[in-house]
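We count residues from 1, following the sequence as given. What you see is a predicted model, and the numbers here were worked out from it, not measured in a lab.
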Amino acid sequence: MSEPQYSVTDSSCAATDSRRAVVDSRYQYLTYEELDDGAIVRIMLNRPGTRNAQNRGLLVELGEAFLRAEADDTVRVVILGGHGPMFSTGHDMGSRQGREDMLAGPNQHPSAKVNGGTRNGAEKLMLQEWHHFFENTRRWRNLRKITIAAVHGEVYAAGLMLMWACDLIVAAEGTTFADMVGTRLGMCGMEYFAHPWEFGPRRAKELLLTGDSIDAEEAWRLGMVSKIFPGAELHDSALRFARRIASIPTMAALLIKESVNQSVDNMGFYNALNACFTLHELNHSHWAWVHEGGMPVGQPGDQGIADWRTSPPVPPSHRNLVMAPAPNAHPVG
């Protein structure tokens, strides 16, 4: 067997043995590896300079990569991870590449002109977000393969959506999870609103209303995370976990996934996602209505919203404190 080859230098992604690994270089914003003679595919978000912020190009490539793995009958398990210091900081809120993807010009992404991209007002935003943020995430949740998210660092906002679309989640020690769009953008969570199902109803309300984070240990206690590994071992351990899952018959694996997904859907998950997406778009329309320039999210100074670009680090949620104390400060009890 040939030794593994990787297009991105990252010791945490080293394969655990010499089984064949093939890296595809056709993608700009992610890496696609075929491991174990193609039985396992590892997709890695690859915008480390923006902390894997999800610009349009990345999301389109991710959709193509997921569908490619789904179409390949050799693939049994798909691992989703991220290069760099964190899994994903969420949607791209202003990098140069992110702006160029959406604005008219030579670098505009083709997806900005379809799926509602040429419409106006709330219709344009609703159709674009339905396709790229909502329905794509739901489609990935229903992928005809078992999927494992391997996350590390901070997993924020839309990073949660990508992670929640996977069947299983493993996390590095020290990983934190938060959705701060309520406190920093005046929004009612993300387009794919799985928060009550993943956190529980009251915990979801608290975390959205405060913007506080939880750690990997609490995520494990909630049942959101399956395994916690030392950071340096995350990707090796995720691969071993994937190999264990890949060893069972594909029909059994698919029907286990489908049985659980259908059970949750019959408990209301599918309809709740639809309903909450419309509330998300109403929230956008509210801000577009009150802002003279039509900006569809809250801006610094709007009813107490702080500037997300200069906001302090996301504080952890404590069970006995109103707010986590800042360094050298007294806790607020």
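Using a cut-off of 4.0 Å between Lys/Arg side-chain N and Asp/Glu carboxylate O, E100 and R96 are scored as salt-bridged. One finds a salt bridge joining R144 and E258 here, because a Lys/Arg side-chain nitrogen approaches an Asp/Glu carboxylate oxygen to under 4.0 Å. Salt bridge absent: D179 and R184 never bring a charged side-chain N and a carboxylate O closer than 4.0 Å. Looking at R319 and E218, no side-chain N of the basic residue comes within less than 4.0 Å of a carboxylate O on the acidic one, giving no salt bridge.
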Take R99 and D92, measure what salt bridge (charged side-chain N to carboxylate O under 4.0 Å, His left out) needs, and give me the verdict at the end.
CA-CA 9 Å; R99 294 192 302 271; D92 191 325; over 6 Å; no
Check against side-chain hydrogen bond (donor to acceptor under 3.5 Å, both in side chains), E129 and H284:
CA-CA 11 Å; E129 292 205 337; H284 276 313; 3.2 Å; yes
Are L185 and I305 close enough, and set up right, to give a side chain to side chain contact (heavy atoms under 4.5 Å, CB included), and what steps lead you there?
CA-CA 7 Å; L185 294 176; I305 293 177; over 6 Å; no
Start with the C-alpha distance between F199 and W164, add both sets of side-chain angles, then the distance that settles ring-ring contact (aromatic ring centres under 6.0 Å, His included), and finish with yes or no.
CA-CA 11 Å; F199 295 137; W164 287 339; 5.5 Å; yes
What verdict does the side chain to side chain contact (heavy atoms under 4.5 Å, CB included) test give for E34 and R42, after you've listed the backbone C-alpha separation in whole Å, the side-chain angles of each residue and the deciding distance to 0.1 Å?
CA-CA 7 Å; E34 296 176 349; R42 179 159 54 196; over 6 Å; no
Checking side chain to side chain contact (heavy atoms under 4.5 Å, CB included) for the pair L254/R76: CA distance, chi angles, key distance, verdict?
CA-CA 10 Å; L254 176 61; R76 290 171 172 250; over 6 Å; no
Working for ring-ring contact (aromatic ring centres under 6.0 Å, His included), residues H91 and F133
CA-CA 9 Å; H91 288 148; F133 301 156; 3.8 Å; yes
Assess the residue pair Q108 and K113 against the criterion (side chain to side chain contact (heavy atoms under 4.5 Å, CB included)); give the C-alpha distance rounded to whole Å, side-chain angles, the decisive distance to 0.1 Å, and a yes or no.
CA-CA 9 Å; Q108 185 181 48; K113 295 182 178 180; 2.8 Å; yes
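Between E191 and H132, the side chains place no donor N or O within less than 3.5 Å of an acceptor N or O (distance only, hydrogens not considered). T89 and E154 form no side-chain donor-acceptor contact under 3.5 Å, judged by distance and modelled atom types alone. A donor-acceptor contact closer than 3.5 angstrom links the side chains of R56 and Q128. With hydrogens and angles left out, the side-chain atoms of T147 and D167 include a donor and acceptor closer than 3.5 Å. In this model, a donor atom of one side chain and an acceptor atom of the other lie less than 3.5 Å apart for R203 and S317. Side-chain N/O atoms of Q262 and N266 include no donor and acceptor closer than 3.5 Å. A donor atom on one side chain and an acceptor atom on the other are found under 3.5 Å apart for S237 and R240.
Atom CD in E33 sits 11.0 Å away from atom CD1 in I40 (nearest 0.5 Å). Once rounded to the nearest 0.5 Å, the distance linking CG of L80 with CH2 of W140 reads 9.0 Å. Remark: I169 CD1 to L162 CG distance equals 11.0 Å, nearest 0.5 Å. We find the CG-CZ distance between L273 and F134 to be 5.0 Å, quoted to the nearest 0.5 Å. The CZ atom of R221 lies 9.0 Å from the CD1 atom of I214; values are rounded to the nearest 0.5 Å. One finds the CG atom of L207 at 8.5 Å from the OG atom of S213 (value rounded to the nearest 0.5 Å).
Counting heavy atoms from C-beta outward, I148 and V78 have side chains that stay 4.5 Å or more apart. With a 4.5 Å cut-off on side-chain heavy atoms, Y270 and V264 do not count as touching. Two residues are said to be in side-chain contact when any heavy atoms from C-beta on lie closer than 4.5 Å; L30 and Y27 meet this criterion. Side-chain contact between R47 and Q54: absent, with no pair of heavy atoms (C-beta onward) separated by less than 4.5 Å. Residues K227 and F229 form a side-chain contact, since some pair of their non-hydrogen atoms from C-beta on lies under 4.5 Å apart. By the 4.5 Å heavy-atom criterion applied to side chains, M323 and H318 are not counted as neighbours. For the pair V155/M86, no side-chain contact is recorded, criterion being any heavy-atom separation below 4.5 Å from C-beta on. Proximity of N261 to N142: side-chain heavy atoms (C-beta onward) are separated by under 4.5 Å at one or more points.
With hydrogens and angles disregarded, no donor-acceptor distance shorter than 3.5 Å links the side chain of D36 to the backbone of G38. Judged purely by atom type and a 3.5 angstrom limit, K145 uses its side chain to pair as donor or acceptor with the backbone of D72. With N271 contributing its side chain and G268 its backbone, the two residues share no donor-acceptor pair below 3.5 Å. At least one donor-acceptor pair closer than 3.5 Å links the side chain of E61 to the backbone N or O of Q28. Between the N52 side chain and the H83 main chain, a donor and an acceptor come within less than 3.5 Å of each other. No donor-acceptor pair under 3.5 Å is formed between the side chain of H152 and the backbone N or O of G231. Side chain of N55 to main chain of Q97: no donor-acceptor pair is present (N/O by atom type, distance under 3.5 Å, no hydrogens or angles). Checked by atom type and distance alone, the side chain of H291 pairs as donor or acceptor with a backbone atom of W287 at under 3.5 Å.
The hydrophobic clustering, which links ILVMFWY residues whose side-chain heavy atoms are closer than 4.5 Å, places L209 and V322 apart. One hydrophobic cluster holds both V151 and F66 under the rule that ILVMFWY side chains link at heavy-atom gaps under 4.5 Å. Hydrophobic clustering of Ile, Leu, Val, Met, Phe, Trp and Tyr side chains at less than 4.5 Å, counting indirect connections, unites M93 with M187. Connection of M224 to W197 is established within a shared hydrophobic cluster, with ILVMFWY side chains joined at heavy-atom distances below 4.5 Å, either directly or through further cluster members. In the hydrophobic clustering of this structure, L160 does not group with L279; members are Ile, Leu, Val, Met, Phe, Trp, Tyr whose side-chain heavy atoms approach within less than 4.5 Å, directly or through other members.
The two residues A172 and L234 come nearest to each other via the heavy atoms N-CD1, 3.8 Å. The two residues S226 and L168 come nearest to each other via the heavy atoms OG-CD2, 3.8 Å. The nearest pair of heavy atoms linking A216 to I228 is O-CD1, 3.4 Å. Taking every heavy atom of both residues into account, N46 and T31 meet most closely at ND2-CG2, 3.9 Å. Contact record, D101 with G57: OD2-N, 3.2 Å, taken as the closest heavy-atom pair. A306 and S311 make their closest contact through CB-OG, 3.9 Å (heavy atoms, listed as atom of the first residue, atom of the second, distance).
Partners of R26 by side-chain contact (heavy atoms from CB on, under 4.5 Å), not counting sequence neighbours, listed by chain and number: D24, R68.
Grouping Ile, Leu, Val, Met, Phe, Trp and Tyr residues whose side-chain heavy atoms lie under 4.5 Å apart, directly or via other members, places L208 in a hydrophobic cluster with F193.
Cation-pi check for R138 over F277 is not met; the charged atom does not lie both under 6.0 angstrom from the ring centroid and within 45 degrees of its normal.
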